[in-house]
Amino acid sequence: MPREKMLKGIISILITKELLVDGPLHGYAIEKKISEKLEGRMPPGMIYVILKSLERKGCIRNEDSRSESGRAIKIYYITEKGKDFLLNHKNQLMIMKRLIDDIITYMDSANI
């Protein structure tokens, strides 16, 4: 459970970053981008649980739309609260990066 919670937190941050950088995206496009970054290691359906959670928090919003083939889709947009959410995690991410770099450096030097 703690691993899944940590993964959901990282994915939440990634989603807000992707929406800020790339602009509005539909759910499948977000899922594809995140899966590529995680090298396909995202549990099925998790993206939609996280999108719902970010919506409840006011970090993103969606609008109903239609794909080119006419299928109903939701387009997700980042909100001002979502931008704040992303920026407020910068210090925590920097600390995590230092810790991870330290662990990897040790593992490399110890040939682990």
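- Taking A110 as the reference, Y106, I112 meet the side-chain contact (heavy atoms from CB on, under 4.5 Å) condition, with sequence neighbours excluded.
- With sequence neighbours left out, the ring-ring contact (aromatic ring centres under 6.0 Å, His included) criterion links Y76 to no other residue.
- Here S69 pairs with S67 under the side chain to side chain donor-acceptor pair (under 3.5 Å) rule; sequence neighbours left out.
- The side chain to side chain donor-acceptor pair (under 3.5 Å) test applied to E80 returns K83, not counting sequence neighbours.
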Scan the side chains in residues 56-64 for donor-acceptor partners under 3.5 Å anywhere in the protein, sequence neighbours excluded, and list what turns up.
unit_1: R61; atom_1: NH1; unit_2: E63; atom_2: OE2; d: 2.8
unit_1: N62; atom_1: ND2; unit_2: E55; atom_2: OE1; d: 3.4
unit_1: N62; atom_1: ND2; unit_2: E55; atom_2: OE2; d: 2.3
unit_1: D64; atom_1: OD1; unit_2: K74; atom_2: NZ; d: 3.1

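- Looking at residues two or more places apart in sequence or on another chain, you find a side chain to side chain donor-acceptor pair (under 3.5 Å) between D22 and K33.
- In the hydrophobic clustering of this structure, L38 does not group with V49; members are Ile, Leu, Val, Met, Phe, Trp, Tyr whose side-chain heavy atoms approach within less than 4.5 Å, directly or through other members.
- The one candidate from L86, I78, L25, I30 that meets the side-chain contact (heavy atoms from CB on, under 4.5 Å) condition with I15 is I30.
- Within the structure, every pair that satisfies the side-chain hydrogen bond (donor to acceptor under 3.5 Å, both in side chains) test and touches residues 9-21, not counting sequence neighbours, is listed here: E18-K37.
- Between the CG atom in L20 and the CG atom in L87 there is a gap of 7.5 Å [rounded to 0.5 Å].
- Atoms CG and CD1, on L14 and I34 in that order, are 4.5 Å from each other to the nearest 0.5 Å.
- Here the straight-line distance linking atom NE2 of H26 with atom CD of E31 works out to 11.0 Å at 0.5 Å rounding.
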Determine all donor-acceptor pairs shorter than 3.5 Å in which one atom belongs to a side chain in residues 90-103; sequence neighbours excluded.
unit_1: K97; atom_1: NZ; unit_2: D101; atom_2: OD2; d: 3.0

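- Clustering of Ile, Leu, Val, Met, Phe, Trp and Tyr side chains at separations under 4.5 Å places Y77 together with I73, I75.
- Residues Y48 and Y28 come closest through the heavy atom pair OH-N, 3.4 Å.
- Every salt bridge (Lys or Arg N to Asp or Glu O under 4.0 Å) that E39 has, sequence neighbours left out, goes to R41.
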